[in-house]
Amino acid sequence: MESLTTGVIADIVDGQHPENPVVQILTMKRIPNSSQERWRLLLSDGKWSNSFAMLATQLNPKVDSGAITNNSIIRMDRYVCNTVQENKKVLIILDLSVIMTGAEVGKKIGTPVTYDSSKIAAQQQEQPQQQYKAPASKVAPNMSSAGGNVARIPLAQHNALAKGSCVTKTPSGGNVHPIESLTPYQNRWTICARVTNKSTIRTWSNSRGEGKLFSMDLLDETGEIRATAFNNEVDKFYDMIEVDKVYFISSATLKTANKQYSNLNNEYEMSFNRTTEVTPCHEQTAIPTMQFNFVSLDQLESLQKDAILDVIGVCKETHDLSHVVMKSTGKELTKRDIQIVDTTAREVRLTLWGTQAETFDGSQQPVVAVKGVKLSDFNGRSLSVLSSSCVQINPDIQEAHMLKGWFDNGGNVAETVNLSGKGGQAGSIGGNFKLIAEAKQNTGTDQPEYFCAKGCIVMIRKENSMYTACPRDGCNKKVVDQGNGMYRCEKCDQTYDTFQWRIMLQACVADISDSQWISIFQDQAEQLLNTNANELGALRETNKDDFEKIMDAILFKNYNFKLRSKIETYNGENRWKASVMNLNPVDPQEHSRRLITEIKQLTGQA
DNA sequence: CCCCCCCC
Ligand SMILES: [Zn+2]
């Protein structure tokens with residue numbers, strides 16, 4: 001039997017940092033109510049056990065793939081141990097090797113007991129806690145990137161690697177904290193982080209005031225976080241902060257991140273305040289220049305519109321520059337559309353703007369990676385680069401080399417599905433057509449299912465089809481009418497002098513097999529009713545007849561629906577619920593073609 | 001404390 005490093009858990013809790021300890025995972029628990037996937041591990045060294053360990057999120061795939069399970073014996077190749085709140089210790093595993101799989105071990109080794117935490121408190125006075133362990137040699141891709149510009153990195157350069165190690169001490173001799181350990185409940189901390197992206201200065205003016213701000217993305221070996229500086233802090237820090245450089249940052253305010261605007265892998269974000277200090281770090285570090293959380297292109301079909309994502313693909317087609325005029329301001333913009341493709345045999349349109357559009361060279365069919373791109377439902381699915389996005393051309397990362405290899409060895413001529421190919425009204429809405437009765441059979445999973453159905457709207461609930469919602473964009477929470485012309489949003493904890501109408505329509509859809517009440521929300525309802533929610537809401541108040549006419553106009557017409565279904569539980573009872581993600585009027589030719597294909601398949605002719 | 005990110 002493979003041996004554990006007996007007693008090592010006590011050593012770590014007591015502030016030592018033994019090299020490469022070997023421990024057993026007794027149990028793994030996903031931390032609930034966390035917006036990101038995060039695993040807590042109960043570790044044993046055969047003598048002691050403790051549930052203070054968490055897996056760095058970049059190691060999540062090891063759980064998801066089953067590489068580590070209960071009973072696995074692992075070597076912690078890199079880890080950090082920190083004190084959070086009072087005396088609580090948190091150990092984050094940054095790198096591990098599986099020594100024996102859980103299946104091979106098959107049982108708990110020894111009879112470990114929980115290492116006593118009261119002992120920890122006593123130890124803390126005497127023993128300085130140790131922080132990062134310097135890894136033997138960790139290489140980081142040396143890759144430049146910039147918010148406003150396309151970083152051009154030829155693949156040939158791809159072994160220009162910067163060696164470095166973890167920075168463990170702040171300039172004043174204190175301990176460096178991992179980004180991953182930051183919470184709003186923690187006061188004194190200093191991180192050592194690379195700025196991977198930096199915005200320009202923007203000003204704002206609204207009912208709550210006005211000011212200026214800029215934001216940046218920070219990365220260390222454990223995680224990433226967005227930070228924003230306002231007003232005085234803009235003056236103080238904007239010039240000194242440079243993309244790709246590493247800084248010690250201390251004492252900023254942490255708050256819950258709004259995932260609507262960022263996909264950084266952190267449930268918090270940071271605002272600089274009066275006490276925030278930023279000092280350049282001149283030591284060599286092993287912090288990567290960028291961290292991506294890619295989704296493959298085939299996932300775009302089932303992701304929500306407006307989601308912020310990281311994507312990577314080979315540019316198989318580059319369109320010419322074009323100019324568009326903004327509807328709101330009349331300002332002219334330059335844009336360029338490109339098609340990117342990946343190994344899932346999907347391609348999607350990606351729109352670049354401004355300088356990035358102008359300087360893009362697609363002639364060599366480069367790999368394009370974008371961190372923080374916005375998903376839209378235009379022509380089915382398409383992607384648009386934001387000012388906060390980071391675009392990299394031929395980044396020196398494994399995924400890029402793999403994709404280019406695939407593309408140059410047949411991927412370039414592989415048949416692909418164009419996710420952005422649903423031009424205009426008549427377009428199709430994708431595959432996986434089901435009858436309603438068929439779809440309702442799928443009750444064995446609590447995961448959402450996505451499918452298409454052709455159906456006819458036979459009934460709608462016009463009452464309660466609209467509600468007054470918070471005027472703040474993207475909040476959508478129903479407001480409470482204060483009766484004095486003011487409307488309160490509990491979610492924003494704000495009172496506004498206005499609201500916006502939103503639609504939440506229940507429609508009964510029938511096909512040849514069955515019928516089902518489904519939900520149709522704002523965007524899809526506006527498309528279906530051919531109106532906008534605010535106009536429709538006003539109409540409901542002023543002219544009920546016309547309101548009903550607009551509603552009734554959708555009855556007894558056939559649509560192709562893309563639906564999301566899920567089993568939901570009400571008072572212990574399971575219900576099959578579906579909502580519309582996408583819809584189109586049925587194009588008879590296309591419908592017929594689909595039926596012919598299905599008939600051929602059924603009769604074995606296809 | 002922002003949260004705009006465009007067009008077809
Ligand atoms: Zn609100």
Side-chain angles (χ1 to χ4, degrees), chain A residues 147-148 184 197-217 225-235 238 252-264 268-274 276 305-309 319-339 348-358 370-391 418-427 470-477 489 491-494 527:
Chain A
N197 202 5
K198 175 191 169 187
S199 79
T200 54
I201 297 173
R202 201 176 74 238
T203 57
W204 87 88
S205 170
N206 61 29
S207 59
R208 276 154 288 160
E210 56 181 63
K212 59 181 173 182
L213 68 109
F214 80 100
S215 58
M216 72 208 85
D217 297 343
I225 192 164
R226 173 155 297 173
T228 307
F230 294 93
N231 304 318
N232 290 337
E233 284 68 47
V234 173
D235 298 335
Y238 186 78
T253 309
L254 273 289
K255 59 164 196 164
T256 305
N258 189 337
K259 290 294 178 184
Q260 191 188 342
Y261 305 114
S262 159
N263 67 327
L264 293 201
Y268 302 115
E269 61 188 25
M270 188 183 280
S271 304
F272 286 4
N273 60 43
R274 239 172 276 105
T276 301
K305 146 184 182 327
D306 296 329
I308 311 280
L309 313 162
H319 294 277
D320 292 337
L321 278 180
S322 62
H323 300 277
V324 297
V325 176
M326 271 171 82
K327 277 176 188 158
S328 54
T329 61
K331 206 174 97 183
E332 200 190 63
L333 301 163
T334 308
K335 69 163 229 173
R336 185 195 298 277
D337 290 335
I338 66 172
Q339 287 288 120
V348 69
R349 191 187 78 172
L350 172 68
T351 304
L352 304 167
W353 299 93
T355 318
Q356 288 182 332
E358 285 161 16
V370 193
K371 184 173 180 66
V373 75
K374 184 165 162 171
L375 179 64
S376 94
D377 63 355
F378 184 74
N379 278 349
R381 283 283 182 268
S382 54
L383 299 167
S384 184
V385 170
L386 303 174
S387 64
S388 53
S389 307
C390 188
V391 179
N418 184 1
L419 301 177
S420 315
K422 289 143 197 178
Q425 285 287 306
C470 176
R472 194 175 66 86
D473 238 17
C475 173
N476 302 343
K477 174 87 180 155
C489 172
K491 191 164 149 193
C492 297
D493 195 23
Q494 287 274 336
Q527 185 199 334

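Within every chain, numbering begins at 1; the chains are lettered A, B, ... in the order of the sequence lines, protein sequences first and strands thereafter.
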Spacing of [X] atom [atom1] relative to [N] atom [atom2], expressed in whole Å:
{"X": "A:Tyr261", "N": "B:dC1", "atom1": "OH", "atom2": "P", "value": "11 Å"}
{"X": "A:Arg349", "N": "B:dC6", "atom1": "CZ", "atom2": "P", "value": "11 Å"}
{"X": "A:Lys255", "N": "B:dC1", "atom1": "NZ", "atom2": "C1'", "value": "8 Å"}
{"X": "A:Met326", "N": "B:dC8", "atom1": "CE", "atom2": "P", "value": "12 Å"}
{"X": "A:Arg274", "N": "B:dC1", "atom1": "CZ", "atom2": "C1'", "value": "13 Å"}
{"X": "A:Lys374", "N": "B:dC6", "atom1": "NZ", "atom2": "P", "value": "5 Å"}
{"X": "A:Asn232", "N": "B:dC1", "atom1": "CG", "atom2": "P", "value": "17 Å"}
{"X": "A:Asn258", "N": "B:dC2", "atom1": "CG", "atom2": "C1'", "value": "10 Å"}

Do A:Ser420 and A:Asn379 get their side chains close enough for a donor-acceptor pair, meaning under 3.5 Å? no
Does the side chain of A:Ser271 come under 3.5 Å of the side chain of A:Thr228 through a donor N or O and an acceptor N or O? no
Using a 4.0 Å heavy-atom cut-off, does [X] contact any base of the nucleic acid, only the sugar-phosphate backbone, or nothing at all?
{"X": "A:Arg336", "answer": "nothing"}
{"X": "A:Val385", "answer": "nothing"}
{"X": "A:Arg202", "answer": "base"}
{"X": "A:Lys327", "answer": "sugar-phosphate"}
{"X": "A:Glu269", "answer": "base"}
{"X": "A:Asp337", "answer": "nothing"}
{"X": "A:Lys212", "answer": "nothing"}

Nearest heavy-atom neighbours spanning A:Arg381 and A:Val348: O-CG2, 3.4 Å
Counting heavy atoms from C-beta on, name the nucleotide in B:dC7, B:dC4, B:dC2 closest to the side chain of A:Ser387. B:dC4
Report the nucleotide, chosen from B:dC7, B:dC6, B:dC2, that has the shortest atom-to-atom distance to any side-chain atom of A:Lys335. B:dC7
Is the phosphate of B:dC2, meaning OP1 or OP2, less than 4.0 Å from a side-chain N or O of A:Arg208? yes
B:dC3 OP1/OP2 closer than 4.0 Å to side-chain N/O of A:Lys259: no
Validation row: A:Leu333, A:Met326 side chains within 4.5 angstrom (heavy atoms): yes
Does A:Lys198 count as lying over the ring of A:Tyr238, i.e. NZ or CZ under 6.0 Å from the six-ring centre, within 45 degrees of the axis? yes
Given side chain to side chain donor-acceptor pair (under 3.5 Å), test A:Ser384 with A:Trp353 step by step and report yes or no. CA-CA 8 Å; A:Ser384 184; A:Trp353 299 93; 3.0 Å; yes
Side-chain ion pair, A:Asp235 and A:Lys212, N-O less than 4.0 Å: yes
Hey, is A:Trp204 doing a stacking thing with B:dC2, by the 5.5 Å centroid and 30° angle criteria? no
May I ask whether A:Phe378 stacks on the base of B:dC8, given the cut-offs of 5.5 Å between ring centres and 30° between planes? yes
Duplex segments of DNA chain B, taken as runs of at least three Watson-Crick or G-U pairs that stay under 3.5 Å: none
Please test A:Lys335 against A:Asp337 for salt bridge (charged side-chain N to carboxylate O under 4.0 Å, His left out), starting from the C-alpha separation and ending with a verdict. CA-CA 7 Å; A:Lys335 69 163 229 173; A:Asp337 290 335; 3.2 Å; yes
